[in-house]
Amino acid sequence: MGFYRIFEIGRLQLDRSLITTLIERWRPETHTFHLPIGEATITLQDVEALYVMPADGLPVALPQGMRSMSRGQYLDLLQKLTGFKPQDETVCSGTSRIGLTTIRQYLEILHPDITGETDDLHIHRFTRLVLLLLFGGFLFPNTSGNLVSLQFLHHLQLLDALPQYNWGAAILAYMYR
């Protein structure tokens, strides 16, 4: 599906001092890092090289119909695609966002059930939930650090189509928003 490198990055040891230094050198007004050797910025080519994400393909866009969906409709779609629907709607924020913790807890319950003999439907549902965690926790995080937009369900309907999208540009655009 094109997200393997992201999972590999998740297992890397982070250099917190380097991250802190880069944060201190970031200038949001120019979207650049001010380094001793000059200014540097993150480009689409960087995203493509570091994340091994496609930098061309279909745009990551939301159909107009999904923009007007209600919370109930999003939760019904979540259940249809993943088999998961939270019992307590307070885990939702606004119309279309859900807490990552709720998804993690549900995945912990599912994980022991996956074996080499698990049917494809169960694996696809599990995969969609893991991808929601990836989208909300890493690729498109929000300031709370604990919510993911259920609007991503649109792209998770056909798992085989995911590599056709321009995820690199979407990630870069989201970072600079």
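Remember, it's a predicted structure, so these values are computed and weren't measured experimentally.
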**Q** Measure across Pro86 and Val91 and return the closest heavy-atom pair with its distance rounded to 0.1 Å.
**A** CB-CG2, 3.6 Å
**Q** Write down the atom of Leu172, the atom of Val47, and the distance for their closest heavy-atom approach.
**A** CD1-CG2, 3.9 Å
**Q** Output the distance between atom CG (Leu132) and atom CG (Leu153), rounded to the nearest 0.5 Å.
**A** 5.5 Å
**Q** What side-chain donor-acceptor pairs closer than 3.5 Å can you find for residues 122-129, not counting sequence neighbours?
**A**
unit_1	atom_1	unit_2	atom_2	d
Thr127	OG1	Ile123	O	2.7
Arg128	NE	Leu156	O	2.5
Arg128	NH1	Leu81	O	3.3
Arg128	NH2	Gln157	O	2.9

**Q** Using 0.5 Å steps for rounding, measure from the CG atom of Leu50 to the CD atom of Gln45.
**A** 10.0 Å
**Q** Near Leu18 CG, under 6.0 Å, is it more than 12 heavy atoms from other residues, nucleotides or ligands?
**A** yes
**Q** Would you mind reporting whether Leu58 and His155 have side-chain heavy atoms less than 4.5 Å apart?
**A** no
**Q** More than 12 foreign heavy atoms under 6.0 Å from CD of Glu29: is that the case here?
**A** yes
**Q** Report the distance from atom CH2 of Trp26 to atom NE2 of His34, rounding to the nearest 0.5 Å.
**A** 9.0 Å
**Q** Following the transitive rule for hydrophobic clusters with a side-chain heavy-atom cut-off under 4.5 Å over Ile, Leu, Val, Met, Phe, Trp and Tyr, establish whether Val52 and Ile171 coincide in one cluster.
**A** no
**Q** How many angstroms lie between atom CD1 of Ile103 and atom CD of Gln105, to the nearest 0.5 angstrom?
**A** 10.5 Å
**Q** Cut-off 3.5 Å, no hydrogens considered: what does the side-chain donor-acceptor table look like for residues 71-78, sequence neighbours left out?
**A**
unit_1	atom_1	unit_2	atom_2	d
Arg71	NE	Gly94	O	3.1
Arg71	NH2	Gly94	O	2.8
Gln73	OE1	Ser70	N	2.7
Gln73	OE1	Ser70	OG	3.4
Tyr74	OH	Met66	O	2.3
Tyr74	OH	Gln151	NE2	3.4
Asp76	OD1	Lys85	NZ	2.8

**Q** More than 12 non-hydrogen atoms from neighbouring residues, nucleotides or ligands closer than 6.0 Å to CG on Asp160, yes or no?
**A** no
**Q** Compute the ring centroids of Trp167 and Phe135, then answer whether they are less than 6.0 Å apart.
**A** yes
**Q** Do you know which two heavy atoms are closest between Val60 and Tyr165, and how far apart they sit?
**A** CG2-CB, 4.0 Å
**Q** Check whether more than 12 heavy atoms from other residues, nucleotides or ligands sit under 6.0 Å from atom CD of Gln79, and answer yes or no.
**A** yes
**Q** Distance check, rounded to the nearest 0.5 Å: Asn166 atom CG versus Glu48 atom CD?
**A** 9.0 Å
**Q** How many angstroms lie between CE in Met53 and CG in Leu44, if you round to the nearest 0.5 Å?
**A** 11.0 Å
**Q** Do Leu147 and Leu107 sit in one hydrophobic cluster, given that two such residues count as connected whenever their side-chain heavy atoms are within less than 4.5 Å of each other, even indirectly?
**A** no
**Q** Decide yes or no for Leu139 and Phe152: does some side-chain heavy atom of the first lie under 4.5 Å from some side-chain heavy atom of the second?
**A** no
**Q** Find out if a path of hydrophobic residues (ILVMFWY) with successive side-chain heavy-atom gaps under 4.5 Å connects Phe138 to Tyr176.
**A** yes
**Q** Evaluate Ile42 against Phe33 for side-chain contact (heavy atoms from CB on, under 4.5 Å), listing each step before the verdict.
**A** CA-CA 9 Å; Ile42 300 169; Phe33 294 100; 4.0 Å; yes
